[in-house]
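Right, one structure below, let's go through it.
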Amino acid sequence: MDLSRINLNLLSVLYQLLEARSVSRAAQALNLTQPAVSRSLAQLRELFGDPLLVRTGNQMQLTAHGEELKRQLPPVLQQLEAFFTPGQFSRESFQGRFNIAITDYIGEHILPSLVGELTQEIPGLRLHFHLWEPGMITDLREGRLDMAACVLDQVPDDIHGRQVGSDDWACLMRNGHPLQHQPLDLSAYTQADHITISGGGDKNRLVDEALTELDLRRRIRVSIPFIEAALAFTAHSDALLTLPAHMAASLAPSLNLVIKPLPLTLTPVQYYLLWHRRTQHDPAHRFLRERLFRVLESSPFSH
């Protein structure tokens with residue numbers, strides 16, 4: 001059969017005709033005129049090659065094929081309705097895995113409670129976290145990642161990005177550092193040793209680009225992928241660590257580190273939750289990213 005000949009609206013008319021066994025009652029149920037339903041019945045007879053309804057005395061009776069269609073049609077209509085209705089997310093029945101890129105700070109200090117809640121609420125949910133790197137935009141495009149919580153200058157056109165917040169910058173040093181009780185000016189900052197964090201996104205480029213514009217550079221003595229290790233190194237050396245201000249405020253007290261204003265004017269850090277547009281309307285993806293966004297937004301990310 002040529003499916004292009006089929007008007008799906010005829011199936012609703014057929015259902016009412018088979019149930020009511022009357023053109024007038026079917027028209028009333030469909031809020032259509034009787035001639036319109038009669039025309040639809042003629043089309044249905046031609047489509048199925050069968051009268052479907054025949055008059056017997058004062059009543060209309062279903063043909064054998066009409067009876068068979070009456071049995072088959074309800075599940076067909078239910079499947080069509082489900083096909084055209086956006087899916088719903090079920091915590092109880094969901095089975096699937098999400099690949100999410102995050103920074104180590106987010107993993108250690110923002111997500112633990114949420115991950116605990118999700119694993120209790122959704123038995124079939126599996127979460128696989130990756131350490132975010134800027135090149136992972138390609139992984140979002142190609143489906144290897146489902147979403148990312150990260151630092152980014154600008155969101156590409158084919159990626160959905162919801163800004164979580166923004167932040168300024170600060171400088172950390174150990175308690176007792178020679179610069180602790182002095183103003184941290186640009187000369188002291190560039191003459192000091194520095195520790196940088198190489199993992200979890202680009203936390204260094206903005207600093208170094210601003211220094212380059214002033215024809216200056218800093219002396220990087222240690223580079224380490226992990227923020228906790230960088231903090232520990234800072235606490236046991238005279239090197240400085242430059243971080244987004246909310247991270248500095250959150251983490252400095254645990255190692256008795258001193259926070260100083262950064263003697264540079266930098267573009268604020270921009271925090272985003274990212275996902276590819278092909279997953280925009282997926283019910284499970286939408287559920288998870290809304291939960292993730294709420295916990296990120298309620299954290300110091302949003303301030």
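Given the structure is predicted, the values throughout are model-derived calculations rather than measurements.
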Inset, instruction - Decide whether Met60 and Leu14 are clustered together by the hydrophobic rule: side chain heavy atoms of Ile, Leu, Val, Met, Phe, Trp, Tyr closer than 4.5 Å, transitively. - result: yes
Legend entry - In one Ile/Leu/Val/Met/Phe/Trp/Tyr side-chain cluster, 4.5 Å: Ile220, Leu231: no
Inset, instruction - Any chance you could measure Ile159, atom CD1, to Leu140, atom CG, to the nearest 0.5 Å? - result: 5.0 Å
Legend entry - Separation between CD of Gln191 and CZ of Arg219, rounded to the nearest 0.5 Å: 8.0 Å
Legend entry - Gap between atom CZ of Arg21 and atom CZ of Arg55 - 0.5 Å precision: 13.5 Å
Inset, instruction - Any chance you could measure Glu209, atom CD, to Thr212, atom OG1, to the nearest 0.5 Å? - result: 7.5 Å
Legend entry - Between CZ on residue Arg141 and CE on residue Met136, distance to nearest 0.5 Å: 14.5 Å
Inset, instruction - To the nearest 0.5 Å, tell me how far Trp132 CH2 sits from Thr103 OG1. - result: 11.0 Å
Legend entry - Lys/Arg-Asp/Glu bridge criterion (N-O < 4.0 Å) met for Glu68, Arg71: yes
Inset, instruction - For Arg291 and Glu121, run side-chain contact (heavy atoms from CB on, under 4.5 Å): C-alpha distance rounded to whole Å, both residues' side-chain angles, the deciding distance at 0.1 Å, then the answer. - result: CA-CA 12 Å; Arg291 290 288 294 272; Glu121 293 174 19; 2.9 Å; yes
Legend entry - Sub-4.5 Å side-chain heavy-atom contact between Leu53 and Val23: no
Legend entry - Side-chain heavy-atom pair Tyr272, Val164 within 4.5 angstrom cut-off: no
Inset, instruction - For Arg221, look at atom CZ and say whether over 12 heavy atoms of other residues, nucleotides or ligands are found less than 6.0 Å away. - result: no
Inset, instruction - Flag yes if Ile259 and Leu266 sit in one hydrophobic cluster, no otherwise; membership is Ile, Leu, Val, Met, Phe, Trp, Tyr, and two members link when side-chain heavy atoms are under 4.5 Å apart. - result: yes
Inset, instruction - Flag the pair Asp208 and Arg217 as a salt bridge only when some basic side-chain nitrogen lies within less than 4.0 angstrom of an acidic carboxylate oxygen. - result: no
Inset, instruction - May I ask you to say whether Asp158 pairs ionically with Arg277, meaning some side-chain N is under 4.0 Å from a carboxylate O? - result: no
Inset, instruction - Test side-chain contact (heavy atoms from CB on, under 4.5 Å) on Leu240 and Lys260 and set out the steps. - result: CA-CA 10 Å; Leu240 306 180; Lys260 291 275 192 177; over 6 Å; no
Inset, instruction - Indicate if Leu273 and Leu114 have the same hydrophobic cluster label, given that clusters are the connected sets of ILVMFWY residues with side-chain heavy-atom separations under 4.5 angstrom. - result: yes
